[in-house]
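Just below is one structure, and these are the notes that go with it.
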Number of protein chains: 2
Amino acid sequence: MASPVSATRNNAADRRRPGTVSIREVAQRAGVSIATVSRTVNRIPSVNPDLAKRVWQAIDEVGYLPNTQARALVSGRSRMLGLIVSEITNPFFPELVQEFENLAVAQGYEVFIGSTNYDPARTESLIRRMLQRSVDGVAIMTFGIEEELVQKLVEREFPLVFVDAGPDLPNIRVLKVDYGEGIRQGVQHLAALGHRSIAFITGPLYMRSAVARRDAFVKSMAEIGLTAPAEHIVEGTHTMEGGIASMEKMLALGELPTAVMCSNDMTAIGVLHALYRTTHKVPEEISVVGFDDIHLAQFALPPLTTVQMSCKHLAAAAVEGLRAGIEPAHPRAASKQWRIPTRLVVRQSTAFPRGTLPALMQNASSGRRESSPRSASELRP
Amino acid sequence: MASPVSATRNNAADRRRPGTVSIREVAQRAGVSIATVSRTVNRIPSVNPDLAKRVWQAIDEVGYLPNTQARALVSGRSRMLGLIVSEITNPFFPELVQEFENLAVAQGYEVFIGSTNYDPARTESLIRRMLQRSVDGVAIMTFGIEEELVQKLVEREFPLVFVDAGPDLPNIRVLKVDYGEGIRQGVQHLAALGHRSIAFITGPLYMRSAVARRDAFVKSMAEIGLTAPAEHIVEGTHTMEGGIASMEKMLALGELPTAVMCSNDMTAIGVLHALYRTTHKVPEEISVVGFDDIHLAQFALPPLTTVQMSCKHLAAAAVEGLRAGIEPAHPRAASKQWRIPTRLVVRQSTAFPRGTLPALMQNASSGRRESSPRSASELRP
DNA sequence: GCATTTTCGGTAATCGTTTCCCCACCTTGG
DNA sequence: CCAAGGTGGGGAAACGATTACCGAAAATGC
């Protein structure tokens, strides 16, 4: 009679981490059943306020934290959101991740981050891992992903958020970035300054967004009667290294443009670097425009004129899009598209092209400000 | 008799995500019990090879993925590692996160990332969230955290990894970064070039690592008979903004140093920015040295001479340290400390101080290489 | 050829929750 | 004062895995 029935087995609870307290301890201390504790924690209104108070006190005393795994197991909701980015080391993404995380956590979700590094095998394993951890939805922010890899998610009717484009299915929402507007502003800004020879360094062209940005550039140029020759549209990689390589290629070709637009800011920073190495002055000899407006852009030398794609907007739309797919009662549950605006931010990497009004631009004293006098209106007589 | 017993209840399985298959389906299809499936999946050698093959085939056919939540619930191990950083938007950390994640995933772990943003409330909630998700261990890579917040983790005997310093307890491992060596190399490099007036911009001094770096600087200076006046040791924030502010403060004071060392690369990039704005040339007028050697450092203008703290090393040590605490059979289970080396990487932000050998330094053509001829030996007659 | 050992797979308990079902009890109406 | 109605709370069955235990069949010894 010394050992009660449960002691004969090697109880699984022995494996439990010390200090972990379960709903049972709370129930015991409060003198109620575990059902009541659960109801209290989940704020079911039917539980008697006095009892509830006792339960909360017990929870406090024993330091109870509900076990999320058990919760997820029974409810079928893990309250985790997957967030797939292409490279966490590209500064654009940490900013996005940060915003996304803040919003998700505020809504009671946890974030499962993964970067694909443009590697299909890695992406595949990432998706499998997310499925195993049974995330409630996935935001695919890589700006271009192999369709077939996502198939698994689509099959399981996972709420999904894509950027730019995605299949038209009930659980899928798409964030439409307005590439056109921002890039048009950039092109017109340069044209207004007097530039006629404007080059463009694209991202990797298997990415839908890279193509979209390039097309927006070509279209904006055409609108004002300009065309860039083929050798002035160079494919890059959306990295600083790519920016350097692309710019060096262009430099080697001779016949330099007077301005270079880039598909993202990292590329632009690479371009600045390449021009520094070859002692070309920016913006005096060549103007440079980026895209994204990452935090770093304002600290580039010179501070980078760039097209802003609001990270906050993007993150907010992603989280809301996922919630809309997960929570049936969400106000925008029916929306399928979410529009992300862009706009030009003028800093100091753009100026009049060499030869026009040189005296004005040469005095590079301190105190240059974002609202510098190099605006389109000044150019017009 | 129409409805069997289980159909009378509103079965919880109804809530299951479509496409999800459980171990039961596999067992049924393979014609074995769920125990056999489990044993097969976990590669328990006692299961008959023929049976195992049948089971694997069934797994493949139905597309079974073991539910991690259920696994974690029964085993008490979630196979998740917590990773706490201070700011994911500081480029140093994504690099660390990336490495950490690669290693963790290779070992079958998932990573739960969180950034404190230097906010104790946020840190508190982060730790609570990690506890709820029952991570197996936590690496605290913030280089300085409030002791009391960690208390909760310590109490629960969580395997922990700290950077720089941590309590001496059984489950805790510390990564000791050798700040001294790298900073000494930096100071001696500058001194060898001829600098005597070297300033230092620290990190926020409530961070242990910031203090350690400053102390290493002061010590290295003293070793070669130099002292920096108080106004040449300025507190920064480990951000670009902080670097700008600190440098501007120093500029306002007059009595400029000929070289500035910074507690991290972001600060150094801020310093470069401030000097650009005030048209001071780097390195001709002022030399700048960073710390960390983030990827961006080589793309700064000019490319930044900096003290490298190997991210790969740090991440590898963190993962191994955690595994050592979690898995009793780990080869280094007994180790308490892990040493992280540092070393100077010379690029182009350092040169002879103004006035000494100016002609040699002025020809800033391309082709400057890391192994430039500005070494100590050249200086000595 | 029978008894003993070994192998191998199935049954069931368990992890920590949520939630369905039902039984008390209390309130209220007649 | 008793029956009907409503309501709060407890018991127990899931969720999907792991694993201790046990029993049946196969292998082996004498």
Side-chain angles (χ1 to χ4, degrees), chain A residues 4-17 20-28 30-52 54-55 59 62 64-79 131-134, chain B residues 4-17 20-28 30-52 54-55 59 62 64-79 131-134:
Chain A
V5 118
S6 67
T8 56
R9 273 184 177 253
N10 180 357
N11 202 320
D14 297 352
R15 264 172 269 128
R16 210 171 59 174
R17 185 164 288 295
T20 305
V21 350
S22 86
I23 201 172
R24 249 167 279 273
E25 277 98 305
V26 178
Q28 189 162 28
V32 298
S33 77
I34 60 166
T36 303
V37 178
S38 174
R39 278 189 284 256
T40 306
V41 169
N42 292 304
R43 306 207 135 82
I44 307 285
S46 76
V47 26
N48 183 316
D50 292 346
L51 247 196
R54 227 167 72 213
V55 171
I59 286 175
V62 300
Y64 168 69
L65 289 179
N67 179 325
T68 325
Q69 325 254 11
R71 255 183 213 234
L73 188 57
V74 61
S75 72
R77 318 246 68 120
S78 64
R79 294 203 77 83
L131 285 173
Q132 286 199 26
R133 299 270 168 187
S134 52
Chain B
V5 118
S6 66
T8 56
R9 274 183 176 253
N10 178 358
N11 202 322
D14 298 352
R15 264 172 270 128
R16 211 171 58 172
R17 184 165 288 293
T20 304
V21 348
S22 86
I23 200 170
R24 252 167 277 274
E25 278 100 303
V26 179
Q28 190 161 27
V32 297
S33 77
I34 60 165
T36 304
V37 177
S38 174
R39 277 189 284 255
T40 306
V41 169
N42 292 302
R43 305 209 137 80
I44 307 284
S46 77
V47 29
N48 185 314
D50 293 345
L51 248 194
R54 228 165 72 214
V55 171
I59 286 176
V62 299
Y64 167 68
L65 289 178
N67 180 325
T68 326
Q69 327 253 12
R71 256 182 212 235
L73 189 57
V74 61
S75 71
R77 319 246 67 122
S78 65
R79 296 203 74 87
L131 284 173
Q132 287 198 28
R133 299 270 169 189
S134 52

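We name chains A, B, ... by the order of the sequence lines, and we start the count at 1 in each one. What's counted below: heavy atoms across the whole structure, side chains too, no hydrogens, waters or symmetry copies.
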_Helix axis bend for the helix from C:dG1-D:dC30 to C:dG30-D:dC1 - C1'-based end axes, five pairs, 10° rounding_ =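 One end's axis against the other's: 50°.
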
Could you tell me how far apart [X] ([atom1]) and [N] ([atom2]) are, to the nearest whole angstrom?
X       : N      : atom1 : atom2 : result
A:Gln69 : D:dA17 : CD    : C1'   : 12 Å
A:Leu73 : D:dT18 : CG    : C1'   : 13 Å
A:Arg71 : C:dT18 : CZ    : P     : 5 Å
B:Arg54 : C:dC8  : CZ    : P     : 15 Å
A:Ile34 : C:dC21 : CD1   : P     : 17 Å
B:Asp50 : C:dT7  : CG    : C1'   : 15 Å
A:Asn48 : C:dT27 : CG    : P     : 12 Å
A:Ile23 : D:dC15 : CD1   : C1'   : 15 Å

_Contacts of A:Arg24 that satisfy side chain to side chain contact (heavy atoms under 4.5 Å, CB included) - sequence neighbours left out_ = A:Ser22, A:Ile34

*Taking all atoms of both residues into account, what is the closest heavy-atom pair of A:Val37 and A:Ile23, and its distance?*
CG1-CG1, 3.4 Å

*Residues of residues 35-44 of chain A with any non-hydrogen atom less than 4.0 angstrom from an atom of DNA chain C: list those, numerically ordered, please.*
A:Ala35, A:Ser38, A:Arg39, A:Asn42

*Could you work out which one of C:dT17, D:dG16, D:dG8 sits closest to the side chain of B:Val74?*
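Taking heavy atoms from C-beta onward, the closest nucleotide is D:dG16.
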
*For the atom pair CD1 (B:Ile59) and CZ (B:Arg54), what is the distance rounded to the nearest 0.5 Å?*
12.5 Å

*Distance in Å, A:Asn42 CG paired with A:Ser75 OG, rounded so as to fall on 0.5 Å steps*: 9.5 Å

_Short side-chain N/O contact from A:Ser33 to OP1 or OP2 of D:dG10, under 4.0 Å_ = yes

Using distance only, find each side-chain donor-acceptor pair of residues 64-71 of chain B under 3.5 Å and give its atom names and separation, not counting sequence neighbours.
from    : atom 1 : to       : atom 2 : distance (Å)
B:Asn67 : OD1    : B:Gln69  : N      : 2.7
B:Asn67 : OD1    : B:Ala70  : N      : 3.2
B:Thr68 : OG1    : A:Gln132 : O      : 2.8
B:Gln69 : NE2    : A:Arg133 : O      : 3.0
B:Gln69 : NE2    : A:Ser134 : OG     : 2.7

*asked:* Quick one, A:Val55 and A:Val32 - any side-chain contact, counting heavy atoms below 4.5 Å?
replied: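 Yes, side chains in contact.
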
_side-chain hydrogen bond (donor to acceptor under 3.5 Å, both in side chains) involving A:Ser33 - partner list, sequence neighbours excluded_ =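 Residues passing side-chain hydrogen bond (donor to acceptor under 3.5 Å, both in side chains) with A:Ser33: A:Thr36.
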
_Main-chain N/O of A:Ile44 paired to A:Arg39 side chain as donor or acceptor, under 3.5 Å_ =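 Not confirmed, A:Arg39 side chain does not pair with A:Ile44 backbone.
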
